[in-house]
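For reference, the structure is listed below as structure tokens.
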Amino acid sequence: MPLTLLKYGLRCSYPSRPFLPDEREAKSTYDVVVIGGGGHGLAIAYYLAQDHGIRDVAVIERGYLGGGNTARNTAIIRANYLTPEGVAFYRESMELWRDLSNVLDINLMYSERGHLTLAHTDAAIRTMRWRAEVNKHLGVESEFVGLDDLATLCPELNLSRSVRFPILAALYHPTGATARHDAVAWGYARAAANRGVHILQETEVTGIVREGGRVIAVETNRGRIGCGRAVQAVAGTSVQVGAMAGLRLPIQPYPLQACVSVPVKPVLDPIVVSGSLHVYIWQSQRGELVMGGATDPYPLHGTRATLDFKESLTMHILELFPFLAEARLMRQWAGVTDMTADFAPIMGLTPLANYFVDAGWGTWGFKATPVAGKRMAECIATGRQPDILKPFHLERFRDFRLLGEKGAASVGH
Ligand code: PYC
């Protein structure tokens, strides 16, 4: 055995490189304070440093990195939206996703496995055809497919006519993908920290100090932090944090539950979604079946797991995949989704000159992480709403220019 290896083995401590640089003492003031250390907040900080050279940035997180909705979502990535504004936005996100493991130098386990949205009614067929046309027009791969194609794309599906809601057709989105959600937060955190961003965990915002139409500081449990600009990216508590800045955000919180089975052998390639049955399912690289359904039918700030949800979800899953009757559930949880009236997010400028919002993500925040980070960083750096974010401006609620993205939801609302 080489001597150096022996010496290394006998040491009491091992010189390993920490994943993140040691947390720094908070400075008294920063150019930009990012409130929220989930995927979006960390991505904003990363692109501020990387694309705009703005490194005097603090990300403040009340818990641990990526411990909120980033950890609770079911990691589906797609761009097959309904409105042209939504499709263009998520198309850019998917372009960024494809190279993100290389860019962040971390294995995000990005896996393009195809995404099927089933249609069980004539109305759903109409929406799928519509989505396929809008998608193709904007360069997003998406096809309306009949039962023969479905049988090839997903032979495990029960295509029998003798069920309550027979499958009639589907929207097929070959580039639909999944990724490892925790790694996304860690990857952005490390890349941001390596560029000089301070990441302050267990730092809770308790107030936002304004003066003359501007934000000048955030109050935290670790004291006051002055700022030149601030942005909130706090899925689940957008209304509360917005209110600290004096903003009334048109958002309601709804719990969204999900669960996974115990790991089983590979049985399912694509992601399968049925809006009519309120279910979606895919199989992770670990073999777990990742499943979810509709948001809870009442506004609530809660992450409890209910029997109602489990019963209705499994009933519908078994209609699609009867052979899963033997599968056992392993874990169930919930996140809090910030829903807007038009099912589209709110991003960009606010009535406060130097305060920005990244909110209202409902059930599709995860897939938007890279593009929201990149474009919000541009908005903060330039003080202008980038073109791609214009439709998502807060003022659309004042001007009645709503987007109407509900038809692209994977889960029922
Ligand atoms: O939009 O694909 C989606 C989705 C699945 C679960 C929550 N949102």
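Whatever order the structure lists ligands and atoms in, that order sets their numbers, starting from 1.
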At a 4.0 Å threshold, what atoms of ligand 1 neighbour a non-hydrogen atom of Trp364? 1 (O)
Point-to-point distance, once rounded to the nearest 0.5 Å, from OH of Tyr280 to NE2 of His115: 10.0 Å
Considering all heavy atoms of both residues, which atom of Phe343 and which atom of Trp364 are nearest to each other, and what is their separation? O-CZ2, 2.8 Å
Answer yes or no: does an N/O atom from Lys367 fall short of 3.5 Å to an N/O atom of ligand 1? yes
Stepwise salt bridge (charged side-chain N to carboxylate O under 4.0 Å, His left out) check, Lys390 with Asp387: CA-CA 5 Å; Lys390 282 190 176 148; Asp387 284 347; 2.8 Å; yes
Would Thr74 count as being in polar contact with ligand 1, using the rule that some N or O on each side must be under 3.5 angstrom apart? no
One finds that the ligand 1 atoms under 4.0 Å from a non-hydrogen atom of Arg78 are 1 (O), 2 (O), 3 (C)
Tell me which part of Thr363 gets within contact of ligand 1: side chain, backbone, both or neither, using heavy atoms under 4.0 Å. both
Over 60° means perpendicular and under 30° means parallel, so classify the ring planes of His40 and Trp361, tilted if in between. perpendicular
Using the benzene-type ring in the case of Trp, are the ring centres of Tyr188 and Tyr47 under 6.0 Å apart? yes
